[in-house]
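In what follows, chains are A, B, ... by sequence order, proteins preceding strands, each numbered from 1. All values reported here derive from a predicted model rather than from experimental measurement.
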Amino acid sequence: MATKLDDPRIIEFDVRTDEMLVNMGPQHPSTHGVLRVVLRTDGEVVSEVTPHIGYLHRCAEKIGENLTPRQWIPYTDRMDYLAGMNMNLGWALTVEKLMKLEVPEKGRHLRVIIAELGRIASHLVGMGTYGLDLGTFSPFMYGFREREKILDLFEEACGARLTYSYITVGGATHDLPRGWLAKCEKFLDELLPVIDHCHELLTTNAIFVRRAANIGLLSPEMAIAYGCTGPVLRGSGVDQDLRRDGEEFYTQMYDGYAFEVIVQKDGHYPKDHNYPAVPNLAVLGDCWHRFYVRMLEVMQSIDLVRQAIDRYSTAEGSYGEPVKLTEKLPKGESYLETECPKGQMGFYLVSDGTPIPWRVRARSSCFSNLCVVHELCRGCLIADVPAILGSLDIVMGEIDR
Amino acid sequence: MSGQAFVDRLKKKFGAKITGAELGGVDPWIEIAADGLLEICTYLRDEQDLRFDMLNCITCVDYFEPDPKKAAKVTWQPHLEMVYHLWSVPHKRSLVLKVMLPRWRDDEPGQLPEVPSVAEIWPTADWHERETYDLSGIHFVGHPNLRRILCPEDWLGHPLRKDYEMPLEYHGIRGK
């Protein structure tokens, strides 16, 4: 008997699938560094995702137990290498908290300028590469082009483009050069239309929305239980930003600054910048929302840098307190978390009274953000895995330390 | 709520399982016994006015001085300290818990000291505890998947112990 094309036996043979283990990475472009993800798939559907980390393990904590805090600052640069300034700041504040050292007002405003520029630079990469993960190339180029301009500014301030070691214990290594503020303001003016352009290319792009919306849902309860922080947490609708809610030792840096924490709440955004509300497909806590928080945070940081420039140029005093390279640390311990672009970065320092810390610990935001990935990827398609990983904006240097 | 009042409240509830507190330093901390850890952590997470629902960090600090000259000067006995940094999202407060452990179980070198796993209470502890096991050598009882996370599976020793020595060779790769 001849079989017809719609014979169930033929169809069954054609679409029959088997369970398979697929390796993604450690050098796949969408794994943002050296992450290896093992997928258990059945056809196109992913049933289990196991991330393997450790390919970039550089023993930074162990090195920190053999160097003085100021000597360890270059190692913080190399953790989150896309936002080295913010990492410098986190470690410097932890040491200052232990030493009970107050940075002069001018130094604090200088730090706000630098840290917020670092946040913009990091988010530009996060947004750009996320577009790349989902198949758009132009925003990636535009994002990197603008980032280069920030790196030019940083190079002028401290001489390095990637590993700055600029913000240090007591303040900064030196003051901003003459004429730098004017260049910075000019750059901020030029940045706005580019962000609008990226917005046109990504947020209102039907393909982008389809690939990011309603994928990788992270409920607020799960985000908190898994210790997710930063844009991942705020993309799930939890109202927390350490620049406002953190320890006073950190928040005093932002005293008097006007800014509103960007939290995703179905369709209601603070300072919407005339961007349209959420597309109909998007659900709170999906990839699209995490991406959108970053986009709005760039706008917010531009505003914060402008405010900081005003304050810095009128502030009296010095940009920092002099601290010796081998300054003795007081006995005790301190833990401080700061709001880095990727999330809350915590440093823990135990001192026994010598210049070299007894224990140094870095609690990285990406480490916690990545450990939720097996929950997000359950039952998604293979093509969604890069979309979910990209929306977490991970940097492997921070995870493996 | 002030520090001492909070410690008193915990002492009233858990009695001898709260073994001490240090409220004077930069970061005040409360010391608890290892066998009360799960009970106390569940209480801290679920109580309405505490709600420490986020676990920021798990750290292990090794108090051991390998150099005998320096060891004669130190004031502490060799031990390990587990440090838990908690954070309450609704109340924006932090809390530090400590658990003191011997360096080796039953003082037998090579036997990892044991502490109950809090991965059931905060799922994020899963990875943090794996890292602590990997680098500091603590056995977490009840952990769903206690494997090395940063070092290779067949790595020997725990690198953040103060008496750890780099292996001379690993799969034909020279160390030291």
Side-chain angles (χ1 to χ4, degrees), chain A residues 50-57 59 61-62 65 97-100 220-229 233 238-240 242 244-247 249 330-337 344 346-350 352 354 358-364 367-372 374-375 399-401, chain B residues 22 24-27 29 45 51 53-65 70 73-76 81 83 85-94 96 98 119 121-128 130-132 134-136 145 147-153 155 159-162 164 166:
Chain A
T50 320
H52 289 265
I53 63 174
Y55 292 91
L56 213 70
H57 186 41
C59 323
E61 290 175 10
K62 186 90 175 175
E65 290 162 25
K97 184 181 167 191
L98 184 68
M99 294 166 69
K100 299 206 172 83
E221 296 78 29
M222 209 205 283
I224 292 173
Y226 273 92
C228 297
T229 47
L233 184 68
V238 180
D239 189 1
Q240 170 161 305
L242 288 192
R244 184 196 64 193
D245 307 324
E247 279 184 52
F249 200 81
K331 213 169 180 173
E333 51 193 80
S334 75
Y335 179 82
L336 188 72
E337 293 213 340
Q344 298 172 12
F347 284 103
Y348 179 55
L349 169 64
V350 181
D352 59 346
T354 54
W358 182 258
R359 177 80 166 95
V360 169
R361 159 94 180 145
R363 176 265 187 210
S364 67
F367 188 80
S368 303
N369 286 353
L370 186 66
C371 75
V372 76
H374 71 101
E375 293 270 3
I399 293 172
D400 300 330
R401 288 185 290 284
Chain B
E22 159 75 55
V26 180
D27 277 336
W29 45 267
R45 186 195 61 176
R51 292 288 294 281
D53 46 5
M54 195 182 259
L55 176 69
N56 276 339
C57 182
I58 296 182
T59 320
C60 177
V61 188
D62 185 8
Y63 283 91
F64 178 75
E65 184 55 70
K70 286 184 190 163
K73 286 183 195 163
V74 296
T75 49
W76 32 256
E81 274 182 24
V83 190
H85 290 96
L86 310 183
W87 173 260
S88 157
V89 175
H91 301 302
K92 316 287 181 207
R93 270 201 302 253
S94 63
V96 187
K98 281 196 181 185
I121 303 172
W122 298 285
T124 182
D126 183 344
W127 278 29
H128 275 106
R130 275 176 72 186
E131 191 188 332
T132 310
D134 186 358
L135 299 180
S136 296
N145 179 25
R147 290 186 296 124
R148 285 185 181 268
I149 190 166
L150 290 175
C151 296
E153 297 261 325
W155 194 260
L160 283 182
R161 289 280 182 120
K162 291 281 178 187
Y164 172 79
M166 242 326 245

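Residues satisfying the ring-ring contact (aromatic ring centres under 6.0 Å, His included) criterion with F347(A), sequence neighbours excluded, are W91(A). Residues passing the side-chain contact (heavy atoms from CB on, under 4.5 Å) test with S368(A), sequence neighbours excluded: R363(A), T124(B), H128(B).
More than 12 heavy atoms of other residues, nucleotides or ligands lie within 6.0 Å of NZ in K62(A), so this atom counts as buried by the packing criterion.
Heavy atoms of L336(A) lying under 4.5 Å from chain B are absent altogether. Contact annotation for D352(A): neither backbone nor side-chain heavy atoms come within less than 4.5 Å of a heavy atom of chain B. For V372(A), no part sits under 4.5 Å from any heavy atom of chain B, backbone or side chain. If you measure heavy-atom distances from F367(A) to chain B, the contacts under 4.5 Å come from both the backbone and the side chain. Only the backbone of C228(A) comes within less than 4.5 Å of a heavy atom of chain B; no side-chain atom from C-beta onward does. For chain A, no part of R130(B) is nearby; none of its heavy atoms comes within less than 4.5 Å.
Of the residues considered (Y164(B), W87(B), W122(B)), W87(B) shows the highest number of contacts with chain A, using heavy-atom pairs under 4.5 Å. Contact count against chain A (heavy-atom pairs under 4.5 Å) is highest for D62(B) among D62(B), L55(B), L135(B). Per-residue heavy-atom pair counts under 4.5 Å with chain A were compared for D126(B), V83(B), I121(B), and the maximum is reached by V83(B).
Using modelled atom types, one finds no donor on one side chain facing an acceptor on the other under 3.5 Å when comparing E65(B) with W358(A).
Look at E247(A) and R93(B) and you find no salt bridge, because none of the NZ, NE, NH1 or NH2 atoms lies under 4.0 Å from a carboxylate O. Using a 4.0 Å cut-off between charged side-chain N and carboxylate O, E131(B) and R361(A) make a salt bridge.
Considering only heavy atoms from C-beta on, K162(B) comes within 4.5 Å of E65(A) through its side chain.
Counting only distance, with no hydrogens or angles, the side chain of R359(A) and the backbone of T59(B) share no donor-acceptor pair below 3.5 Å. Side chain of D27(B) to main chain of Y335(A): a donor-acceptor pair is present (N/O by atom type, distance under 3.5 Å, no hydrogens or angles).
When all heavy atoms of V26(B) and K100(A) are compared, the pair lying nearest together is CG2-NZ, 4.1 Å. What you find for C371(A) and W127(B) is that their closest heavy atoms are CB-CD2, 3.4 Å. The two residues L150(B) and I399(A) make their nearest non-hydrogen contact at CD2-O, 4.4 Å. The nearest pair of heavy atoms linking A225(A) to P123(B) is O-CD, 3.3 Å. Contact between I224(A) and M54(B) at its shortest, heavy atoms only, is O-CG, 3.9 Å.
Interatomic distance, CG of L242(A) versus NZ of K92(B), reported as 8.5 Å (0.5 Å rounding). With rounding to the nearest 0.5 angstrom, the SG atom of C57(B) is 7.5 Å from the CD atom of E337(A).
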